[in-house]
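Only one structure is covered here, and it is reproduced in the block below.
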Amino acid sequence: MATQVRTRFSPSPTGALHLGGAHTALFNWLFARHHGGVFILRIEDTDMERSRAHFVEEILEALLWLGLDWDEGPYFQSQRLAIYDDFIHRLLKAGAAYCCDCDPQELEARRQAALARGDKPRYDGRCRERGLPLGPKTAVRFKTPQTGITFWHDQIKGHIAFENQELDDLVIRRADGIPTYNFAVVVDDITMRVSHVIRGDDHISNTPRQILIYQALGEEPPLFAHMPLMLGKDRTKLSKRHGALPVLAYRDRGILPQALTNYLARLGWSHGDQEIFSREELIRYFSLEHVGKAPGIHDDDKLLWLNSHYLKETPPEELGRLLLPFLAKEGIHTDDAVKAARVAATLNKRAKTLMEMAQAARFYYLDPWPYDEEAARKHLTPGALPVLREARERLAAGVELSEEGLTRLLKDLARDLGVKVVEVAQPLRVALTGKAASPSLTELIPILGREETIRRLDFALRHLGA
RNA sequence: GGUCCCAUCGUCUAGCGGUCUAGGAUACUGCCCUCUCACGGCAGAGACACGGGUUCGAGUCCCGUUGGGACUACCA
């Protein structure tokens, strides 16, 4: 009988969830969902100094926004201290760990000295055989075997091996009683029965240490899969300075969650030539075998392309609803979802984000003046007076505000005035939208309405001194 | 410095020894469509890091070089 697939995502609340974190969360989630397994959320908040409660809230919010729901948790390491202590004592009793009262500052000084000498900075094991009791000022170190090789078959990278002598006796419990990362992770993954540890390959060098702890505990290690890191444009680990924003910043920018998950899924993973994946397809096709080994560089352009794809695919009614909060940010406070849907339908092919869409939608709600300077200079000239006047008259006379009616109006106007269609369209466009580029007049005028259209034409006429 | 990981168009990638004069996507350029801008359609340019092997045959396997990255804490 195959054992149940159980994966976990374990962020530390020392900052917002960023793209890299979302990437590994997604892969864990997809793997669990693909296998009908369990996805666990665990908050690694043992760093009391840097952990903040509000980051926990933000991380959960971001995961939920992305649609990455968890089946168990969130567990908090800070609430599991008694469990870690049990395992510490197991190790102590077995002689696989020992207490150490070396002064941290001294240790740091020795580290620096070794570095300066060009030596490998490693703990010299001076407390190893001292048999110190566990006291209030003692840390606990793991007794790393000094010979032999620790290896595993990585589900993504293949066979990886480390010589044990490269490793030193790491602290697994700090003097303040809090376990360190490498130890807490192992205890958690054991007790939560995690079957697959899928994480960034910056954790590869932690893996042999963790495997050694499993062995000392007499436990079977889970399967490891180290996925390639996401790098910034300068090819270093992705961070704020690459413009890699927190996940929620993408939401606030008007990126759709489907676009972001699609983007993240295709970074480091592929399914033939397919680029667009529904959530169901992602779950159906995802597998570790098709995760690549090479790191990927974050490319905002590709994200934007996917976002515009999903913007085009989203039904206008939904798009209108999504647009409302972005309109508000433009100072347009409306709850008219019907109008917003009509507006969105004219803009969904012209914007890459909801934020852009809201900016482009301003003229539907606000007076288009003052006009864009260059647009007005070019198109709102005295020569345009007849166009504006005639258009105003015919609109007032009751030209039908339909696609066909307005198309005919533009053509007739051009013919009757002896100019090209573009020469009637552009002045009208600037008069109505304030800009030289906009959705088609035949679709924007019906939304503006007859009265408002005429009002704007009158203003333009007066602007030209008519 | 040490250890480990990685290496196909600028970027994301397909490729699991012959079907590769290397495919798709994005970005870029041009043309078409067109009331503008987009969208869409078509076309173009653009890569197997280098050197050795193995093999009848290597982008694909092995070794080395170079390059890049990660880690190197009583952070996670």
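Convention: sequence-line order gives letters A, B, ...; per-chain numbering from 1.
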Round to a whole Å and report the spacing from [atom1] of [X] to [atom2] of [N].
X: Gln210(A); N: A76(B); atom1: CD; atom2: P; result: 12 Å
X: Lys420(A); N: U36(B); atom1: NZ; atom2: P; result: 11 Å
X: His309(A); N: G40(B); atom1: NE2; atom2: P; result: 10 Å
X: Lys349(A); N: U36(B); atom1: NZ; atom2: P; result: 17 Å
X: Asp124(A); N: U72(B); atom1: CG; atom2: P; result: 19 Å
X: Asp273(A); N: U13(B); atom1: CG; atom2: C1'; result: 8 Å
X: Gln426(A); N: C37(B); atom1: CD; atom2: P; result: 8 Å
X: Glu356(A); N: A38(B); atom1: CD; atom2: P; result: 12 Å

Ignoring the backbone of [X], work out which of [options] is nearest its side chain.
X: Ala139(A); options: A76(B), C12(B), C74(B); result: C74(B)
X: Arg429(A); options: U36(B), G15(B), A25(B); result: U36(B)
X: Val171(A); options: C35(B), C74(B), U11(B); result: C74(B)
X: Arg266(A); options: G69(B), U36(B), U13(B); result: U13(B)
X: Tyr181(A); options: A76(B), C74(B), C37(B); result: A76(B)
X: Ile204(A); options: C12(B), C5(B), G69(B); result: C5(B)
X: Asn182(A); options: A76(B), A70(B), C35(B); result: A76(B)
X: Ala294(A); options: C6(B), A70(B), U3(B); result: C6(B)
X: Glu275(A); options: U11(B), A25(B), U36(B); result: A25(B)
X: Lys237(A); options: G2(B), C74(B), A70(B); result: A70(B)

### Ring-face cation contact, Phe183(A) with Arg173(A), 6.0 Å cut, 45° max
no
Nearest-angstrom distance, [atom1] atom, [N] to [M]:
N: C9(B); M: G46(B); atom1: C1'; answer: 5 Å
N: C48(B); M: G59(B); atom1: C1'; answer: 5 Å
N: U11(B); M: U54(B); atom1: C1'; answer: 34 Å
N: C28(B); M: U36(B); atom1: C1'; answer: 23 Å
N: C50(B); M: A45(B); atom1: C1'; answer: 25 Å
N: C74(B); M: G15(B); atom1: C1'; answer: 48 Å
N: A49(B); M: U8(B); atom1: C1'; answer: 10 Å
N: G2(B); M: U60(B); atom1: P; answer: 28 Å

#### Entry: Stepwise salt bridge (Lys or Arg N to Asp or Glu O under 4.0 Å) check, Glu373(A) with Arg377(A)
CA-CA 6 Å; Glu373(A) 241 176 76; Arg377(A) 184 162 44 74; over 6 Å; no
Lys/Arg N to Asp/Glu carboxylate O, [X] vs [Y], below 4.0 Å:
X: Asp47(A); Y: Arg174(A); value: no
X: Asp300(A); Y: Arg253(A); value: yes
X: Glu275(A); Y: Lys302(A); value: yes
X: Glu374(A); Y: Lys378(A); value: no
X: Glu393(A); Y: Arg389(A); value: no
X: Arg279(A); Y: Glu281(A); value: no

### Task
Nearest-nucleotide wise, let me know which of Ser270(A) and Leu107(A) is further upstream toward the 5' end of RNA chain B.
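By nearest-heavy-atom nucleotide position, the 5'-most residue is Ser270(A).
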### Query
When the nearest nucleotide of RNA chain B is assigned to Arg141(A) and to Lys312(A) on a heavy-atom basis, which residue is associated with the more 5' position?
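This one resolves to Lys312(A).
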Using Watson-Crick or G-U wobble geometry with both distances below 3.5 Å, tell me the partner of [N], or none.
N: G10(B); result: U26(B)
N: U55(B); result: none
N: U3(B); result: A70(B)
N: C31(B); result: G41(B)
N: A49(B); result: U65(B)

hbond_proxy [X] side chain to [N] base (donor-acceptor, 3.5 Å cutoff):
X: Lys302(A); N: A27(B); result: no
X: Glu166(A); N: G2(B); result: no
X: Ser308(A); N: C39(B); result: no
X: Asp299(A); N: A27(B); result: no
X: Arg350(A); N: C37(B); result: yes

Would you say [X] reaches [N]'s phosphate, i.e. side-chain N/O to OP1/OP2 under 4.0 Å?
X: Arg235(A); N: A70(B); value: no
X: Arg174(A); N: A76(B); value: yes
X: Ser205(A); N: U3(B); value: no

Any heavy-atom pair between the side chains of [Y] and [X] that's under 4.5 Å?
X: Leu311(A); Y: Lys352(A); value: no
X: Leu134(A); Y: His89(A); value: yes
X: Ile178(A); Y: Leu81(A); value: yes

Heavy atoms under 4.0 Å, any strand shown: does [X] hit a base, just sugar-phosphate, or nothing?
X: Pro208(A); result: nothing
X: Pro104(A); result: base
X: His379(A); result: nothing
X: Thr180(A); result: sugar-phosphate
X: Leu267(A); result: sugar-phosphate
X: Asn206(A); result: base

### Message
Can you pull out the residues from residues 44-55 of chain A that lie within a 4.0 Å heavy-atom distance of RNA chain B?
### Response
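Nucleic-acid contacts, sorted: Glu44(A), Thr46(A), Asp47(A), Arg50(A).
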### Summary
Taken to the nearest 0.5 Å, the spacing of Leu410(A) CG from Leu428(A) CG works out to 6.5 Å
